[in-house]
2 protein chains.
Amino acid sequence: MPPRKKLTAAARRAQLIEVGRKAFAKKGYEATSVEEIAQRAKVSKPIVYEHFGGKEGLYAVIVDREVELVVALISEAISSGSPRERLEKAALVFLTYVKDHPDGFAVLTHDAPVTATRGNLSSLLNDVAERVGKVFAVAFKQAGYDARTAPIYAHALVGMVTFVGQWWTDARKPPVEKVASHLASLAWMGLRHLPKQPTPITKRSTS
Amino acid sequence: MPPRKKLTAAARRAQLIEVGRKAFAKKGYEATSVEEIAQRAKVSKPIVYEHFGGKEGLYAVIVDREVELVVALISEAISSGSPRERLEKAALVFLTYVKDHPDGFAVLTHDAPVTATRGNLSSLLNDVAERVGKVFAVAFKQAGYDARTAPIYAHALVGMVTFVGQWWTDARKPPVEKVASHLASLAWMGLRHLPKQPTPITKRSTS
DNA sequence: GACGTAAGTTACGCTTTAGTAAGTTACTAG
DNA sequence: CTAGTAACTTACTAAAGCGTAACTTACGTC
């Protein structure tokens with residue numbers, strides 16, 4: 001079979017999503033043109049419109065997929081275990097996501113179209129932080145702390161992980177497990193009582 | 001004197017910077033048009049070009065001012081005191097900045113123009129984190145910790161403060177001093193050893 | 001009150017880009 | 001081989017937006 005010239009609708013759709021993700025990841029929504037995406041997919045512009053109705057349609061699909069993915073990963077990670085385990089697993093899972101899906105992550109960090117009400121990384125993380133905050137509020141109340149301060153800690157933790165993830169994107173620094181472990185140590189023990197060698201939640205063969 | 005129709009060059013320039021900051025804060029660089037800015041300033045488009053040479057010129061001036069301001073504030077905050085005091089002061093100063101200059105902060109959070117090499121909030125914060133990381137590396141070495149892990153902690157702390165700042169923008173939650181104090185507590189003691197009532201670095205008359 | 005100049009406007013050219021209408025090509029089933 | 005159709009292209013419209021050339025108006029000054 002000589003190289004195909006026409007793809008099935010499903011295959012083309014999938015390809016456009018991939019290409020679009022790369023493009024939006026690089027320049028953000030506004031600075032990326034439909035023409036550009038079409039060219040990279042070696043296809044003409046109307047194809048994009050046939051599949052997604054327009055620029056925002058494609059963007060929406062791409063962002064939605066990433067959001068669903070991240071939410072699923074985080075939800076799974078914090079579904080069980082001790083508080084500390086949950087935090088470490090969440091950090092691990094998020095960092096792994098950033099590592100394995102750099103384009104998707106980049107798309108989320110860029111500005112969303114002005115018309116969109118949601119879809120930013122900020123809004124996603126705020127949702128996560130809010131959920132964590134509610135859990136904290138309960139725990140704080142039981143322990144005799146001021147429950148109104150819970151959101152501060154929740155957002156601090158989410159911000160911590162996120163920003164490390166962003167930094168971690170650029171340069172291939174230490175392995176994810178180590179980083180996640182350090183983050184968990186910081187959150188749990190503070191700088192004052194850092195262990196010399198943080199104990200990873202998952203034992204690895206790396207010494 | 002009846003209401004003026006013409007402003008001096010300096011006054012108009014200042015006004016355009018203010019108006020531009022608000023506009024860029026709302027929709028980001030790409031989605032904001034020069035026409036729009038001119039209209040809001042009740043002036044015609046060429047005025048903007050006279051003063052700043054173009055859209056990017058105006059944007060560059062606005063961002064530069066904000067970056068300089070933040071850098072100056074943070075530098076001052078971490079110039080002296082114990083490590084913990086420095087962290088708390090830095091958090092306090094940053095949160096205060098976010099509170100007092102919401103538009104400037106918003107501009108920094110949006111995407112920079114594609115042509116720009118720097119000017120993002122990310123790059124600014126990465127610089128800060130890198131500086132902190134170097135200080136940490138020295139301290140880690142002295143204390144017998146792995147100095148290569150220092151950047152993790154540095155970035156974690158910066159991310160912590162930043163994300164809380166972002167969250168704090170929307171809703172007027174607890175006073176800055178409290179928030180900064182909680183952040184410092186978290187960083188120093190960890191969730192495991194949180195004090196019931198964090199002691200603010202600056203004694204206030206509030207209770 | 002005339003006049004020089006800083007400040008400002010109108011009206012345009014040109015490029016980019018979102019979106020569409022109408023026609024064309026490659027694959028596939030009989 | 002032939003037809004039907006799903007996939008695709010060419011060629012366009014309309015609008016938005018950056019930037020500029022040429023002209024006008026208000027203000028201070030003698």
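Values reported hereafter were calculated over all heavy atoms of this structure, with side chains retained and with hydrogens, waters and symmetry mates removed. All values reported here derive from a predicted model rather than from experimental measurement. Letters A, B, ... mirror the listed sequences (proteins, then strands); counts begin at 1.
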Note to self: Check this one for me: any side-chain N or O of B:R12 less than 4.0 Å away from OP1 or OP2 of C:dG8?
What the structure shows: yes
Note to self: I'd like to know whether the aromatic ring centres of A:H110 and A:Y29 sit less than 6.0 Å apart in this structure.
What the structure shows: no
Checklist line | Whole-Å distance separating the CG atom of A:L7 from the C1' atom of D:dT9 | finding: 16 Å
Note to self: How many whole angstroms separate atom CD of B:Q39 from atom C1' of D:dG17?
What the structure shows: 13 Å
Notebook entry, point to check: Looking across every strand, which nucleic acid part, if any, lies under 4.0 Å from A:S44 by heavy atom: base, sugar-phosphate, or nothing?
Noted result: base
Checklist line | A:F52 CZ - D:dC8 C1' separation (whole Å) | finding: 15 Å
Checklist line | Plane angle bin for A:W167 and B:H155 - parallel if under 30°, tilted between 30 and 60°, otherwise perpendicular | finding: parallel
Margin query: Expressed as a whole number of angstroms, how long is the span from A:E36:CD to C:dA18:P?
Written below: 9 Å
Checklist line | Derivation of the side-chain hydrogen bond (donor to acceptor under 3.5 Å, both in side chains) call for A:T109 and A:Q166 | finding: CA-CA 9 Å; A:T109 61; A:Q166 222 159 340; 5.2 Å; no
Margin query: Please report the distance, rounded to the nearest Å, between NZ in A:K45 and P in C:dT20.
Written below: 10 Å
Item checked: Nearest to side-chain heavy atoms of B:K6, which nucleotide of D:dC8, D:dT20, D:dT25 -> D:dT25
Note to self: Given D:dC8, C:dA18, C:dG8, identify the nucleotide with an atom nearest to the side chain of B:E50.
What the structure shows: C:dG8
Next item on the list: Would you kindly compare B:P46 and B:A10 by the position of their nearest DNA chain C nucleotide and give the one closer to the 5′ end?
Entry: B:A10
Checklist line | Selection from C:dA18, D:dA7, C:dG8 that lies nearest to any side-chain heavy atom of A:A9 | finding: D:dA7
Next item on the list: Decide if the gap between the ring center of B:F163 and the ring center of A:F163 is smaller than 6.0 angstrom.
Entry: no
Next item on the list: Round to a whole Å and report the spacing from CD of A:Q15 to C1' of D:dA7.
Entry: 13 Å
Notebook entry, point to check: Between D:dG19 atom P and B:H51 atom NE2, what is the distance in whole Å?
Noted result: 16 Å
Check: Looking at the side chain of A:Y49, which of D:dC18, C:dG8, C:dA18 is the nearest nucleotide?
Finding: C:dA18
Next item on the list: Kindly assign one of parallel, tilted or perpendicular to the pair A:F140 and A:F136, based on the angle between their ring planes and the thresholds 30° and 60°.
Entry: parallel
Item checked: Atom-to-atom span, NZ of B:K55 to P of D:dC18 - whole angstrom -> 5 Å
